[in-house]
Amino acid sequence: MAAENCDISAATRLRSGGCGPVGQMAVRSAFLLGAERVIAIDDVPERLRLAIDGGAAGLNFDDGDVFERIKAMTGGRGPDACIDAVGMEAHGPTLDAYIDKVKAAAFLATDRPSALRQAIHTCRKGGIVSIPGVYGGFLDKIPFGAAFQKGLTFRMGQTHMMKYMQPLLDRIERGEIDPSFVITHRLPLDAAPQALQDVPRQAGPLHQGGAQAAWETVH
């Protein structure tokens with residue numbers, strides 16, 4: 001749904017923020033729908049490597065200014081569409097991300113929307129911002145003026161599973177997509193509670209920003 005919201009064509013250049021399971025699926029869905037190029041953004045090398053394995057160009061936001069690098073990668077124009085696959089728990093090395101973190105810790109804000117701000121700033125004029133990342137409250141300091149001047153289109157929401165489940169299962173059965181690549185560990189069902197407690201302390205592929213991890217439980 002996040003990729004479909006981007007109105008992808010053969011000439012579409014797309015930027016996906018966040019390379020957790022949602023972002024990884026968005027990258028592959030974009031190529032499945034015919035995107036010319038996808039830029040994946042994250043700061044975890046293992047996640048970026050997965051996105052690159054899926055055909056994306058990887059960009060680590062710890063390595064420099066994302067806005068300037070994406071402009072350089074898109075001929076100064078910006079991506080045709082931007083996906084915010086991060087949502088309310090974004091983090092990063094920018095001043096606004098640090099302010100979001102402090103305000104949320106002090107219960108002065110509900111969400112940390114730095115990934116959404118970045119999507120708005122980097123998207124080209126007349127482009128689309130697709131938001132599968134979850135937000136839960138009032139968002140602070142969103143550059144709505146920039147969005148208005150650019151004429152951006154926003155599409156967002158929880159995935160419409162009753163619409164997408166059967167078509168996605170059909171694609172899996174035909175071998176067009178294989179979602180099992182996000183599974184990093186296999187364990188018995190009774191070990192799942194302890195595994196979920198271990199997620200924030202783990203490094204490597206298991207660590208999904210302290211918020212999400214992909215597991216396959218074995219009965």
Side-chain angles (χ1 to χ4, degrees), residues 1-42 51 54-57 59 61 65-90 92 94 96-97 100 109-165 167-168 171:
M1 178 175 144
E4 274 195 353
N5 282 343
C6 295
D7 289 347
I8 291 170
S9 67
T12 298
R13 293 173 294 181
L14 185 141
R15 162 218 177 271
S16 177
C19 292
V22 174
Q24 298 291 346
M25 296 300 180
V27 166
R28 286 157 177 80
S29 296
F31 283 121
L32 193 66
L33 294 174
E36 175 188 342
R37 187 182 191 191
V38 178
I39 302 169
I41 304 169
D42 208 291
L59 194 157
F61 60 67
D65 185 83
V66 169
F67 178 76
E68 292 298 332
R69 283 188 289 163
I70 288 184
K71 277 185 64 178
M73 296 171 76
T74 57
R77 180 167 171 255
D80 300 296
C82 292
I83 295 176
D84 171 9
V86 181
M88 65 189 293
E89 295 185 323
T94 57
D96 69 310
D100 287 342
T110 56
D111 300 32
R112 307 196 302 262
S114 59
L116 178 57
R117 296 188 196 105
Q118 187 184 90
I120 292 170
H121 283 306
T122 55
C123 196
R124 70 161 173 83
K125 294 177 180 178
I128 296 171
V129 176
S130 173
I131 313 171
V134 176
Y135 289 93
F138 295 94
L139 306 189
D140 189 25
K141 294 181 173 60
I142 297 300
F144 206 78
F148 179 84
Q149 296 298 333
K150 288 183 174 185
L152 300 182
T153 297
F154 289 83
R155 294 173 179 163
M156 66 196 81
Q158 302 280 3
T159 300
H160 305 154
M161 284 310 302
M162 298 306 292
K163 173 183 177 181
Y164 286 97
M165 185 178 295
L168 288 173
R171 286 182 181 272

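On a predicted model such as this, the values are computed, not experimentally measured, just so you know.
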Measure across [X] and [Y] and return the closest heavy-atom pair with its distance rounded to 0.1 Å.
| X | Y | result |
| --- | --- | --- |
| Arg13 | Gly78 | NH2-O, 4.5 Å |
| Val86 | Asp84 | N-OD1, 2.9 Å |
| Val27 | Ala40 | CG2-CB, 4.3 Å |
| Asp140 | Arg117 | O-NH2, 2.8 Å |
| Gly137 | Thr110 | CA-OG1, 3.4 Å |
| Ser114 | Asp100 | N-OD2, 3.6 Å |

Exam field: side chain [X] to backbone [Y], donor-acceptor pair closer than 3.5 Å:
| X | Y | value |
| --- | --- | --- |
| Arg15 | Pro79 | no |
| Asp80 | Leu14 | no |
| Asp42 | Cys19 | yes |
| Lys141 | Pro113 | no |
| Gln24 | Ala51 | yes |
| Arg112 | Glu89 | yes |
| Asp111 | Leu139 | no |
| Ser130 | Ala2 | yes |
| Glu36 | Thr12 | no |
| Arg124 | Thr74 | no |

Derivation and outcome, side-chain contact (heavy atoms from CB on, under 4.5 Å), residues Ile8 and Phe31: CA-CA 9 Å; Ile8 291 170; Phe31 283 121; over 6 Å; no
So do [Y] and [X] actually touch side chain to side chain, heavy atoms under 4.5 Å?
| X | Y | answer |
| --- | --- | --- |
| Thr94 | Phe67 | no |
| His121 | Pro143 | yes |
| Asp7 | Thr153 | no |
| Gln158 | Val134 | yes |

Met162, CE: over 12 other non-hydrogen atoms inside 6.0 angstrom: no
Flag if over 12 foreign heavy atoms under 6.0 Å of CZ, Phe144: no
So how far is it from [X] [atom1] to [Y] [atom2], rounded to the nearest 0.5 Å?
| X | Y | atom1 | atom2 | answer |
| --- | --- | --- | --- | --- |
| Ile83 | Ile39 | CD1 | CD1 | 12.0 Å |
| Leu168 | Met25 | CG | CE | 9.5 Å |
| Ser16 | Leu59 | OG | CG | 11.5 Å |
| Ile131 | Ile120 | CD1 | CD1 | 7.0 Å |

side-chain contact (heavy atoms from CB on, under 4.5 Å) between Tyr164 and Glu4, intermediate numbers included: CA-CA 11 Å; Tyr164 286 97; Glu4 274 195 353; 2.6 Å; yes
Salt bridge (Lys or Arg N to Asp or Glu O under 4.0 Å) between Asp65 and Lys71, intermediate numbers included: CA-CA 10 Å; Asp65 185 83; Lys71 277 185 64 178; over 6 Å; no
